Peer 1: 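Have a look at the structure that comes next, please.
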Amino acid sequence: MTAPDGETIYDFGQNLAGIVRIKFNGKAGQVVTVRHAEILNPDGSLNTTFLRTAKATATYTCRDGEQTYSPRFSYMGFRYAGVKGVDAKDLEIEAVALYSDVEHSGSFRCSDEMLNKLQSNITWGAKSNFVDIPTDCPQRDERMGWTGDIAVFSPTALYNFELSRFLEKWLRDVKAEQLPTGGIPNTVPVQGYGFPATMPEMAVDWWGDACVLVPWALYEATGSLDVLRMMYPTMQKYVKACRFWAGFGIGKHRYIWHTPSVLHFGDWVAPDVPKMSQWQARSKYTATASLCNTSGTLAKIARILGKTEDAAKYKELSRKVADAYCSVLTDGNGKTKEEFQTAYVLPLYLNMFPENVKAKAAENLVKLVEKNDYKIGTGFPGTPYILFALADNGHADTAYKMLLNTQCPSWLYEVRVGATTVWERWDGLDENGECPIGDDGTDMMISYNHYASGAVGAFLYRRVLGVEPTEAGYRKFKFAPVVGGGITEAEGTVGTPYGVIKAAWKIADGEMTMTVAVPVGTECTVVPPSGEEKALGSGEYTVTAKA
């Protein structure tokens, strides 16, 4: 197609990180320019507004004759390319995806083709942002190692890819960048980017949490203690810093992390409120839950490493933070004082509510979801966990209604309107293909290749397919599909240190057939919908049960 200014526009059909390769006959001194963008303007021209200061342009001065050119010292994030300086009929052009050499070790497929497309979008988003370091986006003037994105995405990433060397290398950078105060910069390597006001002097919930959550995800996937040992001092210093910043106040308020909201990201890009300041204003809830999570996870790590005194100390800290959350931020009967989805999701997923009120809290979350027509209302901290919070608390039907929703905002809305990767913002494009984002305090922040919300992929593997480790490295795992949403079959593979797990299930004529290949040296517990568990050693098995 041709843009109004005469630029020839090419659509490669896939948003990616990489370069273009052009081949043509040229003359000495002829100048060819190639510009890149993720989306088009309504008039068919490239939309480069959201690139901010990134030029995303390759300029080539020709020699005589046939020649092939592609950039060697840069890469771009794009789906579309615009070319000037050579006739389209004389040009051959292709897009070349670039990403670190990470093995694609997992797969997921089910009877719902939109979910299969979502899975493709998740994996393309990961590859696009695994270029030497785990970045947030490959197209605009950042391409930085934002810690918050990989903190929540790492469990999903480790289902799809073998990432030990990739993530361990980056974690060494995290360790090196930690400040004497214990805080972790929001981007690693440090770029000097000063948002929010804390960066990089203070601890920042959910973003700095990467120093705990990424090693834990690696341990669960691989069973290797090395990364836990390497990062343990870093985790200790970080949790100590978080505890310090949450420690102002009296009584139980000393466990509520209530420093000014401008020092946090809060419920980042939550779609139910339009302004950045409103996302940040939820920080009491998100930050307090973060401290409960990091201290509780560190307690488990300490126990695994044989540090029993540390384990007891961090477990008690996590308990006190959970108690403070329920005492100060809820009515004590399962209702949060400020009601929004993430405020319920985090304590439900992290098991912070007392048992006698957990069911009521889950019902209150369901009411919010129903009121919102089953659309997503969570930001970065809540999105990875909302479907688990619902499904694991007796509301799998609600979880599936949210997962399969095709109205904005939802995962499948993006699929329905043609996304080929996961977006940073749920409302990145409206039904007419135009971006509705205005002056919301983010400097027109929108990326169409951003994996954070793709953290839902862990739910696809762990609940829809049903494969989840019960012992690190999958030495023991369960195969327990949560059936719903009209999905009649699912199949997938999961790479483990012992070999590949192959699992599949299918429902037909009221019967569920489950097949699983259990690698040598591992044990699998199969749990059909009836709940009757069956323990299996290595081998290939078929189990049938009532659907």
Side-chain angles (χ1 to χ4, degrees), residues 1 3-4 9-16 36-51 77-80 82 112-122 124-125 128 137 139-140 267-276 278-279 340-341 368-380 382-383 386-387 398-454 456 485-486:
M1 71 185 92
I9 306 296
Y10 296 87
D11 178 3
F12 297 105
Q14 175 63 55
N15 202 353
L16 54 88
H36 305 74
E38 292 188 290
I39 63 170
L40 300 178
N41 293 313
D43 65 359
S45 61
L46 295 180
N47 182 325
T48 58
T49 301
F50 303 133
L51 301 179
F78 65 100
R79 172 174 171 168
Y80 301 92
D112 190 302
E113 287 304 318
M114 292 188 79
L115 285 183
N116 296 338
K117 179 58 178 170
L118 173 61
Q119 166 68 6
S120 172
N121 292 3
I122 291 168
W124 268 104
S128 301
C137 58
Q139 74 297 105
R140 66 179 180 232
D267 200 14
W268 190 249
V269 300
D272 61 333
V273 287
K275 295 280 189 180
M276 181 177 73
Q278 294 171 294
W279 310 331
F340 54 96
Q341 289 182 14
L368 283 184
V369 172
E370 289 174 343
K371 185 179 179 181
N372 201 37
D373 296 325
Y374 300 96
K375 292 181 288 192
I376 192 82
T378 51
F380 273 27
T383 295
I386 185 167
L387 300 184
T398 304
Y400 273 105
K401 286 179 181 178
M402 174 172 275
L403 174 62
L404 299 175
N405 198 331
T406 61
Q407 301 304 305
C408 185
S410 68
W411 290 281
L412 295 190
Y413 169 77
E414 296 177 14
V415 171
R416 180 168 66 82
V417 298
T420 62
T421 43
V422 176
W423 299 346
E424 179 179 27
R425 305 272 291 261
W426 300 97
D427 56 348
L429 293 175
D430 63 21
E431 298 274 0
N432 299 315
E434 297 182 28
C435 181
I437 293 168
D439 182 15
D440 60 1
T442 65
D443 188 24
M444 297 290 283
M445 180 191 78
I446 174 61
S447 156
Y448 298 92
N449 198 346
H450 222 91
Y451 55 52
S453 294
V456 69

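For clarity, every value in this text was computed on a predicted model and none was experimentally measured.
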Peer 1: Could you walk me through whether Trp426 and Ser453 pass side chain to side chain contact (heavy atoms under 4.5 Å, CB included), step by step?
Peer 2: CA-CA 9 Å; Trp426 300 97; Ser453 294; 3.6 Å; yes
Peer 1: What are the two closest non-hydrogen atoms of Ala37 and Asn47, and how far apart are they?
Peer 2: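 In this case the closest contact between Ala37 and Asn47 is CB-O, 3.4 Å.
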Peer 1: Which label fits His450 and Phe380: parallel for a plane angle under 30°, tilted from 30 to 60°, or perpendicular past 60°?
Peer 2: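 Rings of His450 and Phe380: tilted, as their planes differ by 30° to 60°.
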Peer 1: Step by step, would you call Trp279 with Val269 a side chain to side chain contact (heavy atoms under 4.5 Å, CB included)?
Peer 2: CA-CA 6 Å; Trp279 310 331; Val269 300; 3.8 Å; yes
Peer 1: Does atom CG of Asp439 have more than 12 heavy-atom neighbours, drawn from other residues, nucleotides or ligands, at distances under 6.0 Å?
Peer 2: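 Counting neighbours around CG of Asp439, 12 or fewer heavy atoms of other residues, nucleotides or ligands fall under 6.0 Å, so no.
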Peer 1: Looking at Lys375 and Glu370, does any basic side-chain N land under 4.0 Å from a carboxylate oxygen?
Peer 2: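 No salt bridge links Lys375 with Glu370.
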Peer 1: Thr383 side chain to Gly379 main-chain N or O, any donor-acceptor pair under 3.5 Å?
Peer 2: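 Between the backbone of Gly379 and the side chain of Thr383 there is a qualifying donor-acceptor contact (under 3.5 Å).
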Peer 1: Assess, by modelled atom type and distance only, whether the side chains of Gln139 and Ser447 contain a donor and an acceptor separated by less than 3.5 Å.
Peer 2: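 There is such a pair between these side chains.
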Peer 1: For Tyr80 versus Ile9, what's the shortest heavy-atom pair and its separation?
Peer 2: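 The pair with the smallest heavy-atom distance is CD2-CG2, 4.3 Å.
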Peer 1: Which heavy atom of Met445 sits nearest a heavy atom of Arg425, and at what distance?
Peer 2: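 Result for this residue pair: O-NH1, 2.9 Å.
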Peer 1: Would you call Glu424 and Arg140 a salt bridge, using N to O less than 4.0 angstrom?
Peer 2: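 Yes, charged N to carboxylate O under 4.0 Å.
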Peer 1: Quick one: closest heavy-atom pair of Val422 and Glu414, and the distance?
Peer 2: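 Residues Val422 and Glu414, closest heavy atoms: CA-OE1, 3.8 Å.
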Peer 1: Gln119 vs Asn116, test: side chain to side chain donor-acceptor pair (under 3.5 Å). Steps then yes/no.
Peer 2: CA-CA 5 Å; Gln119 166 68 6; Asn116 296 338; over 6 Å; no
Peer 1: Can a donor-acceptor pair be found, under 3.5 Å and without considering hydrogens, that links the side chain of Thr406 to the backbone of Leu412?
Peer 2: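 Answer holds: no.
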Peer 1: Of all the heavy-atom pairs spanning Pro436 and Gly428, show the shortest one and how long it is.
Peer 2: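 In this case the closest contact between Pro436 and Gly428 is CD-O, 3.7 Å.
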Peer 1: What is the minimum heavy-atom distance between Gln341 and Asn372, and which atoms define it?
Peer 2: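 Result for this residue pair: NE2-ND2, 3.8 Å.
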Peer 1: Hey, are the side chains of Asn449 and Phe78 touching, using non-hydrogen atoms and a 4.5 Å cut-off?
Peer 2: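 Side-chain contact under 4.5 Å: no.
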